[in-house]
A.B. asks: 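The following block contains the structure, expressed as structure tokens.
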Amino acid sequence: MKLLLDTHVLLWAAGNPEKLSVEARALLNDPENELFFSAASLWEIAIKHSLGRDDFQVNPRLLRRGLLDNGYSELPIGSEHAVSIDSLPMIHKDPFDRMLVAQAIFEGITLLTADTLVAQYPVAVRMV
């Protein structure tokens with residue numbers, strides 16, 4: 001299964017795996033699953049890290065390198081993802097989350113999230 005990690009799930013997987021549920025850890029450790037991170041997540045992390053947010057203290061460059069070194073695939077943001085956002089209902093106002101939803105829908109990837117608002121979108125979502 002192809003899995004796109006929501007930003008917080010990505011941060012937990014990389015630095016605080018104890019925050020992940022048993023189900024989430026099983027999905028991430030299953031060699032049959034292909035794990036993806038979005039450029040949108042790194043963009044969000046870089047912005048919030050530079051603002052000094054306590055929950056975004058990771059260096060985005062080091063995180064990216066670590067993810068790639070550990071077998072994650074990067075999902076770039078394409079114009080097809082950007083224009084797909086206009087068809088999404090306004091469930092969530094966060095532009096980064098909306099981009100992840102649009103990417104998951106367009107690419108046919110299951111989105112792993114802990115955000116109940118994101119889980120309301122018409123996309124294959126796994127709450128973890």
A.B. asks: Drop me the distance from Ile105's CD1 to Leu4's CG, to the nearest 0.5 angstrom.
C.D. replies: 11.5 Å
A.B. asks: Using the side-chain hydrogen bond (donor to acceptor under 3.5 Å, both in side chains) rule, collect all pairs that involve residues 19-35, keeping only residues at least two apart or in two chains.
C.D. replies: Glu23-Arg126
A.B. asks: What residues, two or more places apart in sequence or in another chain, satisfy ring pair (Phe, Tyr, Trp, His ring centres under 6.0 Å) together with Phe56?
C.D. replies: His8
A.B. asks: On a heavy-atom basis, which atom in Ser84 and which in Ala102 lie closest, and how many Å separate them?
C.D. replies: CB-CB, 4.1 Å
A.B. asks: Just how far is it from atom CG of Asp97 to atom CG of Asp115, taken to the nearest 0.5 Å?
C.D. replies: 5.5 Å
A.B. asks: CG/Leu111 to CG/Leu3 distance, rounded to the nearest 0.5 angstrom?
C.D. replies: 9.5 Å
A.B. asks: What closest approach, in Å, do Ala119 and Thr113 show between heavy atoms, and which atom pair accounts for it?
C.D. replies: N-CG2, 4.4 Å
A.B. asks: Decide whether Met1 and Val125 are clustered together by the hydrophobic rule: side chain heavy atoms of Ile, Leu, Val, Met, Phe, Trp, Tyr closer than 4.5 Å, transitively.
C.D. replies: no
A.B. asks: Should Val9 and Val118 be counted in the same cluster of Ile, Leu, Val, Met, Phe, Trp and Tyr side chains packed under 4.5 Å apart?
C.D. replies: no
A.B. asks: Shared ILVMFWY cluster between Ile45 and Trp12, side chains joined below 4.5 angstrom?
C.D. replies: yes
A.B. asks: Find the distance between CG (Leu10) and CG (Leu28) and round it off to the nearest 0.5 Å.
C.D. replies: 9.5 Å
A.B. asks: Would you compute the distance between atom CZ of Arg64 and atom CG of Asn59 and round it to the nearest 0.5 angstrom?
C.D. replies: 12.5 Å
A.B. asks: Heavy-atom distance under 4.5 Å between the side chains of Leu117 and Gln120, does that happen here?
C.D. replies: yes
A.B. asks: Apply side-chain contact (heavy atoms from CB on, under 4.5 Å) to residues Arg98 and Lys93 and explain how you reach the verdict.
C.D. replies: CA-CA 7 Å; Arg98 291 174 61 77; Lys93 296 189 189 281; 5.7 Å; no
A.B. asks: What ring-ring contact (aromatic ring centres under 6.0 Å, His included) pairs are there with at least one residue in residues 87-128, not counting sequence neighbours?
C.D. replies: Trp43-Phe96, His81-Phe106
A.B. asks: Which value, rounded to the nearest 0.5 Å, describes the distance between Leu75 atom CG and Leu42 atom CG?
C.D. replies: 11.0 Å
A.B. asks: Considering non-hydrogen atoms only, spot the tightest contact between Ala114 and Asp6 and give its length.
C.D. replies: N-OD2, 4.5 Å
A.B. asks: Is any side-chain heavy atom of Leu35 closer than 4.5 Å to one of Asn70?
C.D. replies: no
A.B. asks: Is atom NZ of Lys2 surrounded by more than 12 heavy atoms (other residues, nucleotides or ligands) closer than 6.0 Å?
C.D. replies: no
A.B. asks: List the atom of Ala39, the atom of Glu74, and the distance in Å for their closest heavy-atom pair.
C.D. replies: CB-OE2, 4.2 Å
A.B. asks: Indicate yes or no: at least one non-hydrogen side-chain atom of Ile109 is less than 4.5 angstrom from one of Phe36.
C.D. replies: yes
A.B. asks: If I compare all heavy atoms of Met99 with all of Ala40, which pair ends up nearest, and what's the gap?
C.D. replies: CG-CB, 3.8 Å
A.B. asks: Step by step, work out the salt bridge (Lys or Arg N to Asp or Glu O under 4.0 Å) result for Asp69 and Arg65.
C.D. replies: CA-CA 6 Å; Asp69 289 348; Arg65 181 77 269 146; 3.1 Å; yes
A.B. asks: Should Val83 and Val101 be counted in the same cluster of Ile, Leu, Val, Met, Phe, Trp and Tyr side chains packed under 4.5 Å apart?
C.D. replies: no
A.B. asks: Is a donor on one side and an acceptor on the other found under 3.5 Å between the side chain of Gln103 and the backbone of Gly78?
C.D. replies: no
A.B. asks: Taking the side chain from Ser41 and the backbone from Phe37, do they hold a donor-acceptor pair closer than 3.5 Å?
C.D. replies: no
A.B. asks: Locate the shortest heavy-atom distance separating Leu63 from Ala14; write the atom from each residue and the value.
C.D. replies: CD1-CB, 3.4 Å
A.B. asks: Is there a path of hydrophobic side-chain contacts, each under 4.5 Å between heavy atoms of I, L, V, M, F, W or Y residues, that connects Leu11 with Met127?
C.D. replies: no
